[in-house]
Amino acid sequence: TTTTTTTTERTTMSPEAEEMRPMVPFPHIKDVSAYEPTTFEYNPGDTHPQPIKKRDWIRVFRMSLPEFTKRAKMDASVEDSERKSE
């Protein structure tokens, strides 16, 4: 197994500048008030039998692969996108 080190730069803003940024809804969300930006309930409380584990996130990713593939096939900016999407 090979390990590759990656770095991510994050631009930090002052709290004042952050507060001044306008908040806008995602264009595909019809009812913003009903939107909850979570895949799992982060604080499930006593009703959840066990904490969310890596395998749960892997399942979410695997379930999304068909949609990723479909979108990749339709990407007109990539030459031979049909073949490359597989």
Peer 1: Only one of Lys73, Met74, Lys70 forms a side-chain contact (heavy atoms from CB on, under 4.5 Å) with Ser85, so which one is it?
Peer 2: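 Among Lys73, Met74, Lys70, the one that satisfies the side-chain contact (heavy atoms from CB on, under 4.5 Å) with Ser85 is Lys73.
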Peer 1: Rounded to the nearest 0.5 Å, what's the gap from NZ on Lys84 to OG1 on Thr69? Could you check?
Peer 2: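 Those atoms lie 15.0 Å apart.
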Peer 1: Who else is in the cluster with Met63 when I, L, V, M, F, W and Y are joined by side-chain contacts under 4.5 Å?
Peer 2: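 Traced through the cluster, Met63 reaches no other member.
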Peer 1: Tell me whether Glu67 at atom CD has more than 12 heavy atoms from other residues, nucleotides or ligands lying less than 6.0 Å away.
Peer 2: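 Count over threshold, so yes.
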